[in-house]
Trainee: 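After the structure tokens below, expect a handful of questions from me.
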Amino acid sequence: MSSVADRQIPARAPPTRQSGLALWIRTNLFADWKSGLATLTAVALAVLYLPAAVDWMIVNAVTQPDAGACQAARGSGACWGVVVEKYRLIIFGRYPYEDQWRPLVATLLLVGLLVVSCIRAFWRPWLAVLWVAVLAAFFGLMYGGIFGLEVVTTDRWGGLPLTIMLSSLSIVLAFPLAVLVALGRRSNLPAIRTVCIIYIELIRGVPLISVLFMASFMFPLFMPVGLTVDVLIRVLVGITLFAAAYLAEIVRGGLQAIPKGQIEAADSLGLSYWQTQRKIVLPQALAMVVPGIMNNFISIFKDTSLVAIVSLYELTGSLGLALNSDADWRPFKIEGYLFITVIYFIFCFAMSRYSLWVEGQLNRSKTR
Amino acid sequence: MTAPERAKVGDPIIVFDKVNKWYGNDFHVLRDIDLSVGRGERIVICGPSGSGKSTLIRCINRLEEYQEGRITVDGIELTDDVKAIENIRKEVGMVFQQFNLFPHLTVLQNLTLAPMWVAKMPKAEAEERAMTQLQRVRIAEQAEKFPLQLSGGQQQRVAIARALCLTPKVMMFDEPTSALDPEMIKEVLDVMIELAGQGMTMLCVTHEMGFAKAVADRVIFMDQGQIVEQNTPKEFFDNPKSERTKDFLSKILGH
């Protein structure tokens, strides 16, 4: 049987798209009976528990730094007074009270630098100069000893400045190391490959706590007498090495996803190994693993809280420091933890949104 | 081996001397390959799948290593020396079945990459050269697009332009039309025919027998890692000598 279409079917307009609140509710909340049930359950739970939470957090909360009032409201209302009373101790740890403007300025500079570094338009040679300048300013302000600033030794550094400095520096140092290790693990040279595999497997085989312990307590035992490295630097190296091993495996995942033809094409054009990696392989490999890399960065940021184990009081550690020693305020640790939770969340959420933005930028070449 | 019957267009530019290659311990993929390619000569290599034809041309720019024999390209002997390999790669352009364009770079960036980083050419000069090559393959208006925004035929033409940007003396094509939709094969073949007309030395692994008849100086038939027969296209198609060639031709021309 054969047929021939003797006229062209005229073009029609596509179906009109409906919009509006009712449609949104129907498609998103009550699409079928399962979705409707889930919506109703969620609403019921909110009705059941939200008022109590609002009562505790807002209505009955005590915002004055008044220990007596807080004590009276215990159980029915939150004591935000603890935050008002102790926030400087929580945020800056044991740093001398009257000099706390120094870590404040230093941290603002560092955060500003990190924000600038996140923007691609600023990836120019001067950014490297800016990094050197800001890091010098950071450590100059924190440590002192110049421009008449009193020396504050690293054992008194603490709180949020320490958290931000440790995590940003270990991320910045770990990332290039991770790329090299990932490339090394795929190298044709057996010696390089073996070293990289041993490094990755050794580090992944131990918890971060023990790496920090070794950096802090065991490492000095092997140093020649009289030669000491500041505990902060040892811990920074420890976190960097730890993070780099995990990052290297994420990067390797990206490297393995690059089709062999890409490398053959680069080879056939006469590009050298390093040119091929830099121009062809890494841009594509890293773009593929942005979510994994950012996941790791966020985890490094939070893992810095473990340095409390070796007596460095970053944000979490300084919260304990601030409240444990004060019998009046010790009972209100939950409020204190909620406070630093908000701080952690702000930074982590910012990182995760940045990751999404980067993915969007990188996907431009894949969209038609 | 039958000597090439047609007179060489020029002196030999690529010479294979008893080249042998094995994959692993038991797969002898290239067997005693002796081959001399003359300057300006256009050669089509055909043969059944797995006969070693792609491997043969991939040995020339060291995408594959071989275990025995010698290959010389424009007087440079192919050794493990990285410098020699890089020099040969500058003289030999290659076009792949799967295009292998760099998807994260624009068409123009794909073309300027090697001139800028291998030939150390200033950006403006590299871009000028890239645009000339894009015009040559009639796709200049797509310079700012990304490869995946182009059709298969357009991508393959960009790949040809990319290989031409280093002004190679030899162009190698590894089944350049096998991954294309039928209606796009012609636009790529047209570019290749034009290139042949301009005197480029070409080595093409292809099953496009129309192309072979139109432009080849010599057709080489390979089977099981061996050069079984080579001849002018006319002789090769009209009067094949070996049984294996006849069998192969009957399969690809039989319908």
Side-chain angles (χ1 to χ4, degrees), chain A residues 120-121 123-125 179 182-183 186-192 251 253-293 355 357-368, chain B residues 54 57-58 60-65 82-107 109-120 144-151 155 158-159 162-166 168 170-174 179:
Chain A
R120 198 174 181 158
W123 292 359
R124 309 242 169 245
V179 170
L183 290 174
R186 289 165 56 82
S187 165
N188 292 327
L189 307 170
I192 292 178
V251 173
L255 293 178
Q256 276 172 345
I258 301 298
K260 204 164 151 251
Q262 291 287 303
I263 295 159
E264 287 180 350
D267 280 349
S268 76
L269 289 171
L271 268 69
S272 71
Y273 173 82
W274 288 109
Q275 286 173 336
T276 305
Q277 302 306 321
R278 211 179 112 210
K279 294 279 162 191
I280 307 302
V281 175
L282 286 173
Q284 296 185 66
L286 295 177
M288 265 186 267
V289 293
V290 164
I293 288 174
S355 158
W357 180 80
V358 170
E359 280 174 61
Q361 294 284 304
L362 291 170
N363 280 337
R364 281 181 313 166
S365 65
K366 289 185 196 118
T367 49
R368 278 174 181 264
Chain B
S54 288
I57 65 167
R58 288 161 58 91
I60 295 171
N61 63 352
R62 239 325 140 84
L63 294 184
E64 303 273 357
E65 293 182 6
V82 179
K83 209 74 227 149
I85 295 173
E86 281 177 12
N87 284 334
I88 287 176
R89 283 172 175 170
K90 275 186 233 170
E91 308 222 331
V92 180
M94 184 147 184
V95 175
F96 299 87
Q97 183 178 354
Q98 300 294 344
F99 328 137
N100 295 348
L101 293 175
F102 306 127
H104 62 301
L105 302 177
T106 63
V107 165
Q109 288 168 332
N110 264 276
L111 266 69
T112 53
L113 189 74
M116 282 170 65
W117 293 90
V118 179
K120 312 282 180 210
E144 296 304 326
K145 287 200 180 166
F146 286 101
L148 295 183
Q149 296 169 324
L150 305 181
S151 75
Q155 288 189 53
V158 171
R162 179 176 70 178
L164 288 171
C165 270
L166 283 177
V170 181
M171 283 287 283
M172 307 198 295
F173 297 82
D174 189 0

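All values below were derived from every heavy atom in this structure, side-chain atoms included, with hydrogens, water molecules and symmetry-related copies excluded.
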Trainee: If I compare all heavy atoms of B/H104 with all of A/P283, which pair ends up nearest, and what's the gap?
Mentor: CD2-CB, 3.6 Å

Trainee: Could you pull out the closest heavy-atom pair between A/Q262 and B/L101, with the gap in Å?
Mentor: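 It is NE2-O, 2.8 Å.
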
Trainee: What are the two closest non-hydrogen atoms of B/P103 and A/Q284, and how far apart are they?
Mentor: CG-OE1, 3.2 Å

Trainee: Under 4.5 Å heavy-atom distance to chain A, tell me which part of B/F96 shows up: side chain, backbone, both or neither.
Mentor: side chain

Trainee: Considering non-hydrogen atoms only, spot the tightest contact between B/E86 and A/S272 and give its length.
Mentor: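 What the structure gives for the nearest pair is OE2-CB, 3.9 Å.
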
Trainee: To the nearest 0.5 Å, what is the distance between CG (A/D267) and CE (B/M94)?
Mentor: 11.0 Å

Trainee: Please look at B/V92 and chain A and tell me whether the side chain, the backbone, both or neither of the residue comes under 4.5 angstrom of a heavy atom of that chain.
Mentor: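 Only the backbone of B/V92 comes within 4.5 Å of chain A.
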
Trainee: In Å, rounded to the nearest 0.5 Å, how long is the span from OG1 of A/T276 to CZ of B/F102?
Mentor: 7.5 Å

Trainee: More than 12 non-hydrogen atoms from neighbouring residues, nucleotides or ligands closer than 6.0 Å to NZ on B/K120, yes or no?
Mentor: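 It does: B/K120 NZ has more than 12 such atoms within range.
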
Trainee: Rounded to the nearest 0.5 Å, how far apart are CG of B/L113 and CD of A/Q275?
Mentor: 8.0 Å

Trainee: Check each atom of B/R162 against the heavy atoms of chain A and say whether the ones under 4.5 Å are side chain, backbone, both or neither.
Mentor: both

Trainee: Would the distance check show the side chain of B/N61 and the main-chain N or O of A/S268 forming a donor-acceptor pair, the cut-off being under 3.5 Å?
Mentor: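 Pair absent, no side-chain N/O of B/N61 close to backbone of A/S268.
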
Trainee: Please give me the minimum heavy-atom distance between A/G261 and B/N100, naming the atom from each residue.
Mentor: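 Heavy atoms of A/G261 and B/N100 come nearest at O-ND2, 3.1 Å.
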
Trainee: So, taking the atom named CD in A/E264 and the one named CD in B/Q98, what distance separates them when rounded to the nearest 0.5 Å?
Mentor: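 CD of B/Q98 is found 11.0 Å from CD of A/E264.
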
